[in-house]
Amino acid sequence: QVQLVESGGGLVQAGGSLRLACAASGGTFSSYSMGWFRQVPGKEREFVAAISWSGGSTYYADSVKDRFTISRDDAKNTVYLQMNSLKPEDTAVYYCAADRGITIATMPAGYDYWGQGAQVTVSS
């Protein structure tokens, strides 16, 4: 069983930056593809970014491309989401997720383990 714990959320002004971290334990982190999703009340969980198990491939939602960067540090069992040029519409609870599959998934159903979420609030 894999446990995921997000950190780094908070309140930031529009145009600012935050970096989320997701620490994994209880599994073989280097074998999992990792993803970030976000959710606002009343809406479905939305794909943000994903990185392959090797780190060689990354994928981004169009809404965050060129502003967000996903990366991983297998030595620390941690995946990061660097968020720059933040906008009020980026406000959400951000979740990290781990996928035991070979291919990268962009749908929540493709992931096997989830963190508890971290609130990100961007003020205008």
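- Remark: side-chain polar atoms of Thr91 are paired, donor with acceptor, to backbone N or O of Val122 under 3.5 angstrom.
- Shortest non-hydrogen contact noted between Ile51 and Ser71 is CD1-CA, 3.9 Å.
- Hydrophobic clustering (ILVMFWY, side-chain heavy atoms < 4.5 Å, transitive): Met34 and Tyr113 are in one cluster.
- Residue pairs that meet the ring-ring contact (aromatic ring centres under 6.0 Å, His included) test with at least one member in residues 62-106, sequence neighbours left out, do not exist here.
- Residue Phe29 is not grouped with residue Trp53 when hydrophobic side chains (ILVMFWY) are merged at heavy-atom distances under 4.5 angstrom, including chains of intermediate members.
- In this structure, the side chain of Glu6 engages the main chain of Cys96 through a donor-acceptor pair within 3.5 Å.
- Not counting sequence neighbours, the partners of Asp62 by the salt bridge (Lys or Arg N to Asp or Glu O under 4.0 Å) test are Lys65.
- The shortest heavy-atom contact between Gln3 and Gln1 is NE2-O, 3.3 Å.
- Counting all heavy atoms, side chain and backbone alike, Ala92 lies closest to Arg38 at CB-CB, 3.7 Å.
- Inter-residue side-chain proximity for Tyr60 and Ile70 is flagged as met; some heavy-atom pair is nearer than 4.5 Å.
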Distance-only criterion, 3.5 Å: show the donor-acceptor pairs between side-chain atoms of residues 100-108 and protein atoms not counting sequence neighbours.
residue : atom : partner : partner atom : Å
Arg100  : NE   : Asp112  : OD2          : 3.4
Arg100  : NH2  : Asp112  : OD1          : 3.4

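- Under the ring-ring contact (aromatic ring centres under 6.0 Å, His included) criterion, Phe37 pairs with Phe47, Tyr111, Trp114, sequence neighbours left out.
- In this structure, the separation between OG1 on Thr28 and CG on Asp74 is 11.0 Å, given to the nearest 0.5 Å.
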Side-chain polar contacts of residues 82-89 - donor-acceptor pairs under 3.5 angstrom, sequence neighbours left out - could you list them?
residue : atom : partner : partner atom : Å
Gln82   : NE2  : Asn84   : OD1          : 2.9
Asn84   : OD1  : Ser17   : OG           : 2.9

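- Summarising the geometry of Val2 relative to Gly27, their closest heavy-atom pair is CG2-CA, 3.9 Å, with the distance given to 0.1 Å.
- For the pair Arg72 (side chain) and Ser33 (backbone), a donor-acceptor distance under 3.5 Å is absent.
- Distance OG/Ser30 to CG/Asp73: 11.5 Å, rounded to 0.5 Å.
- Heavy-atom minimum distance, Ala24 versus Leu4: CB-CD2, 3.6 Å.
- Tyr59 and Val48 fall into different hydrophobic clusters, where Ile, Leu, Val, Met, Phe, Trp and Tyr residues are linked whenever their side-chain heavy atoms come under 4.5 Å apart, directly or through other members.
- Remark: Arg67 engages Asp90 in a salt bridge (Lys or Arg N to Asp or Glu O under 4.0 Å) (not counting sequence neighbours).
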